[in-house]
Amino acid sequence: MPGTSSLRAWWARRPPAAGAAVLSTGMLSIGLRLAGYGFLSDAALALAGAAWVALAADFVVRLLWERRRWLAEAGTPGGLTAVGATTVLGTGVSSLGRQSLAWTLLALSAVLWPVLMTGVVRQVVRHVMSQRARRMPGAVFLCCVATQGLAVLGATLAKAETVSWPAHTALVLFWLGLVLYAVMLALFDRRQVTEGAGDQWVACGALAVSALAGSRLIDADHALYLWNADDRGVLRGTTVALLVLALGWYAVLLAAEVLRPRPRYDVRRWATVFPLGMTAVAMMSVAGAVDLPGLKGPGEVLLWVAVAAWLAVATAALIAGFGGSVRSTGRR
């Protein structure tokens with residue numbers, strides 16, 4: 001059928017960064033659960049899970065039968081959305097009490113992380129060594145997002161299962177993620193703030209997921225008494241500072257969107273929705289972890305901003321996906 005073939009062609013052209021759609025949907029599910037909307041959270045998590053399965057199947061198909069293309073895409077920052085999406089999905093299913101599945105997703109993401117990160121690091125090094133090297137787009141911050149995603153899921157499972165080693169590992173990943181953020185910030189093209197097609201928002205989302213990782217580590221410490229008072233103080237202060245910096249990026253990027261509107265749909269707009277939802281989740285999580293209840297209300301407001309953005313981008317994606325099939329069946 002013409003419509004089906006057009007949809008297949010659209011799917012075949014899907015870039016690796018499309019995994020940000022799973023990231024965005026899974027993060028909204030976590031936020032909705034924190035805000036007390038269980039049914040909506042379950043629906044979003046089911047949708048994220050279905051999309052993850054489809055993307056995972058495509059990942060395996062390309063690995064087995066389109067190896068050259070897989071290697072090329074795996075070496076881009078967008079490929080790291082596979083790790084981020086898997087950890088977000090694992091965090092979501094852990095909140096439902098499905099710890100065995102969450103452990104499986106943690107193991108899978110832990111295997112993917114070094115493989116995909118190695119390819120991205122090689123690309124970044126080649127980029128830096130190039131005589132005509134230009135600064136990089138916001139997708140480069142996915143190095144931090146993927147690393148902090150592992151920290152979030154590890155700390156979540158440490159608390160849920162009352163075991164300390166995932167929290168200690170998560171703490172190492174937390175600090176590593178911050179180092180990666182600093183490196184990628186030095187490579188980031190600041191012009192993307194006003195010119196980017198959507199992934200410039202990952203600069204904000206990477207800080208927000210770092211704040212979430214910090215809050216989950218604090219929660220794990222409350223349950224397991226992992227660190228001394230000085231360590232707790234440093235972690236608490238760092239977590240709050242990360243949230244403040246994320247909100248600063250949020251304000252700057254939102255102002256840039258107002259001053260320089262970019263309404264045309266681009267798949268990288270999913271990388272806008274994710275930081276919007278991530279910032280909301282970080283605010284609500286930090287509110288509980290460090291006993292700042294005043295953050296929860298603003299966090300819920302930002303959550304509904306993220307839901308509205310998700311609906312807008314999802315609608316635009318459907319129009320882009322099916323628009324070609326509608327046109328192809330018309331009279332010529």
Side-chain angles (χ1 to χ4, degrees), residues 13-27 48-49 51-91 102-129 136-154 169-170 172-185 187-188 198-199 201-203 205-206 209-210 213 267-268 270-271 274-275 278:
R13 294 192 301 268
R14 177 195 58 78
V22 182
L23 263 172
S24 305
T25 309
M27 192 51 60
W52 184 90
V53 169
L55 291 172
D58 186 58
F59 183 93
V60 172
V61 167
R62 293 186 185 187
L63 175 62
L64 296 178
W65 290 288
E66 299 179 38
R67 184 68 59 85
R68 184 174 299 178
R69 179 178 178 183
W70 185 91
L71 289 172
E73 293 183 344
T76 65
L80 285 168
T81 57
V83 177
T86 304
T87 58
V88 166
L89 189 63
T91 303
W103 280 111
T104 300
L105 292 170
L106 176 61
L108 178 58
S109 56
V111 170
L112 285 175
W113 181 79
V115 174
L116 298 176
M117 186 69 77
T118 300
V120 173
V121 169
R122 286 175 180 170
Q123 185 196 59
V124 170
V125 170
R126 287 196 299 266
H127 183 88
V128 171
M129 297 298 291
M136 303 188 74
V140 72
F141 289 106
L142 286 166
C143 293
C144 174
V145 170
T147 305
Q148 297 291 12
L150 284 167
V152 169
L153 182 52
T169 305
V172 174
L173 291 167
F174 172 74
W175 292 116
L176 176 60
L178 296 186
V179 172
L180 288 171
Y181 186 90
V183 173
M184 299 312 161
L185 182 62
L187 299 174
F188 177 54
D199 60 345
W201 278 86
V202 185
V209 72
S210 299
V267 69
R268 286 169 289 185
W270 285 113
F274 162 67
M278 185 71 257

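Please read all numbers here as calculations on a predicted model, not as lab measurements.
- Contact record, Ala139 with Pro77: O-CB, 3.2 Å, taken as the closest heavy-atom pair.
- Side-chain N or O atoms of Thr25 include none that pairs as donor or acceptor with a backbone N or O of Val22 at under 3.5 Å.
- Nearest approach of Gln148 to Ala213, heavy atoms of both residues: OE1-CB, 3.6 Å.
- Among Thr86, Thr87, Val88, the one residue that satisfies the side chain to side chain contact (heavy atoms under 4.5 Å, CB included) test with Leu23 is Val88.
- The two residues Phe174 and Ala151 make their nearest non-hydrogen contact at N-CB, 4.1 Å.
- Here the shortest heavy-atom pairing between Cys143 and Val120 reads SG-CG1, 3.5 Å.
- Considering CH2 of Trp113 and OG1 of Thr118, their distance stands at 8.0 Å, rounded to 0.5 Å.
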Next item on the list: Could you walk me through whether Val145 and Phe274 pass the side chain to side chain contact (heavy atoms under 4.5 Å, CB included) test, one step at a time?
Entry: CA-CA 11 Å; Val145 170; Phe274 162 67; 3.9 Å; yes
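- Pro275 and Trp201 make their closest contact through CG-O, 3.1 Å (heavy atoms, listed as atom of the first residue, atom of the second, distance).
- Expressed to the nearest 0.5 Å, how far CG of Leu80 lies from OG1 of Thr147 amounts to 7.5 Å.
- Minimum interatomic distance between Gly26 and Ala48 (heavy atoms only, all atoms of both residues): N-CB, 3.8 Å.
- Annotation: the span from Cys144 atom SG to Leu176 atom CG amounts to 9.0 Å, rounded to 0.5 Å.
- Distance check: Leu180 CG to Phe141 CZ gives 11.0 Å after rounding to the nearest 0.5 Å.
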